[in-house]
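Read the structure below first, then the notes.
In what follows, residues are counted from 1 in the order of the sequence shown. Computation of the quantities below employed the complete heavy-atom set of this structure, encompassing side-chain atoms and omitting hydrogens, waters and symmetry-equivalent molecules.
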Amino acid sequence: MTDPEAGPLKVQRPGAPGLTTPTEIGVARAAALFERVDPAAAAAHLEPVLAADPSSAAGWILLARIRLVLDEVDKALEAANRAIALAPEDPRPLAIASRALTLLGQHEEAVTMAYRAVIVEPKNPLWHDRVAWSLLAADRQYADAEQAARTAVGLEPNEAHFYFTHGVTLDALGHADQARQAFLLSLRLEPENPVAQHRLAVLNGEQVRVPEKRKRGWKIFGKRGADADVPARPEEYLP
């Protein structure tokens, strides 16, 4: 499972070689439940595991991701901060905390956390994408947001979502023609994506941009096989 806040879910499956402690086994079982799109069950399984062993950074990272999916943003931030304290060299909890802070309206802190993730792992396009969205949500420094989105595209030129992000940043800067090209590139990779289709239609004057309240919920940006029902890309909710 992959999402733009946390990167790949780096947890071994139950029964896999190398799982030797009750904590590792418990975290792996919770991850399996999460992958089956049952976040409530995953949280219920993981909570007692972390109560018994609060030193598991992997467990707190997973719980932070689960809390975001459950729209429990304050708890997600708390779990992410626990993971950051345990594993400051891991960019994933930094990105999760950034997303939670964005949803809580704490934009300065969200931007800082996103840049910290980039510093830890500068070659991962997910963290540059998070920088772009944190700046967009803050309604400032659109040029920096565009640069971050462009970097993400350069690092992973086959991911539709990064072109979509780039298009949104270019639109925010008023570069309609370039934004249109970015959305077309995104749709070339994911032709049926309704969000990119809508943004392109708005640019083309075929639909009216309707202001909407920023929501905390998560929506998927495109569907991919077994992950089709996994809420993976919350940035779609940003107007």
Check your understanding: If you round to the nearest 0.5 Å, how far is CG of Asn193 from CZ of Arg199?
Key -> 12.0 Å

Point to revise | Leu170 reachable from Leu203 in the ILVMFWY side-chain graph, under 4.5 Å edges | key: no

**Study point:** Partners meeting salt bridge (Lys or Arg N to Asp or Glu O under 4.0 Å) with Arg140 (sequence neighbours left out)
**Key:** Glu108

Practice item. With Met113 as reference, evaluate Thr102, Leu101, Leu77, Val131 under the side-chain contact (heavy atoms from CB on, under 4.5 Å) test and give the passing residue. Key: Leu101

**Study point:** Closest contact, heavy atoms only, Phe34 versus Ala42
**Key:** N-CB, 3.8 Å

**Study point:** Salt bridge flag under 4.0 Å for residues Arg67 and Glu47
**Key:** yes

**Study point:** Heavy-atom closest pair, residues Ser134 and Ser98
**Key:** CB-OG, 4.2 Å

Exercise for review: Output yes when Asp90 and Arg92 qualify as a salt bridge under the 4.0 Å nitrogen-oxygen rule, no when they do not.
Suggested key: yes

Exercise for review: Determine, stepwise, if the pair Arg29 / Ile25 fulfils side chain to side chain contact (heavy atoms under 4.5 Å, CB included).
Suggested key: CA-CA 6 Å; Arg29 287 175 176 165; Ile25 294 169; 3.6 Å; yes

Point to revise | Within one Ile-Leu-Val-Met-Phe-Trp-Tyr cluster: Leu63 and Leu86, side-chain cutoff 4.5 Å | key: yes

Exercise for review: Just say parallel, tilted or perpendicular for the rings of Phe183 and Phe164, cut-offs at 30° and 60°.
Suggested key: tilted

**Study point:** Minimum heavy-atom distance Ala149-His166, with the two atoms named
**Key:** CB-CA, 3.7 Å

Revision key, fill the gap. When rounded to the nearest 0.5 Å, the distance separating CG of Leu62 from NE2 of His45 is 10.0 Å

Check your understanding: Is the side chain of His128 donor-acceptor paired with the backbone N or O of Val153 at a distance under 3.5 Å, no angle test?
Key -> no

Check your understanding: Can you tell if the side chain of Tyr163 reaches within under 4.5 Å of the side chain of Leu189, non-hydrogen atoms only?
Key -> yes

**Study point:** Flag if over 12 foreign heavy atoms under 6.0 Å of CD, Glu89
**Key:** yes

Point to revise | Shortest non-hydrogen contact from Arg82 toward Pro54 | key: NH2-CB, 3.5 Å

Practice item. Examine distances only and state if a side-chain atom of Glu190 and a backbone atom of His161 form a donor-acceptor pair shorter than 3.5 Å. Key: no

Check your understanding: Under 4.5 Å between side-chain heavy atoms, hopping through other hydrophobics if needed: is there a path connecting Leu33 to Leu50?
Key -> no

Exercise for review: Apply side chain to side chain contact (heavy atoms under 4.5 Å, CB included) to Ile84 and Asn81, showing your working.
Suggested key: CA-CA 5 Å; Ile84 291 168; Asn81 283 333; 3.9 Å; yes

Practice item. State the CG-CG distance between Leu103 and Asp71, to the nearest 0.5 angstrom. Key: 8.0 Å

Point to revise | Reported CD-to-CG distance for the pair Glu159 and Leu126, which is rounded to 0.5 angstrom | key: 8.0 Å

**Study point:** Nearest-0.5 Å distance, CZ of residue Phe162 to CG of residue Leu155
**Key:** 8.5 Å

Check your understanding: Distance from Thr112 atom OG1 to Ile119 atom CD1, nearest 0.5 Å?
Key -> 9.5 Å

Revision key, fill the gap. Smallest heavy-atom separation, Ala132 atom then Thr165 atom, equals CB-CG2, 3.8 Å

Review point. At their closest point, which heavy atom of Val27 faces which heavy atom of Leu46, and how far apart are they?
Key: CG2-CD1, 3.9 Å

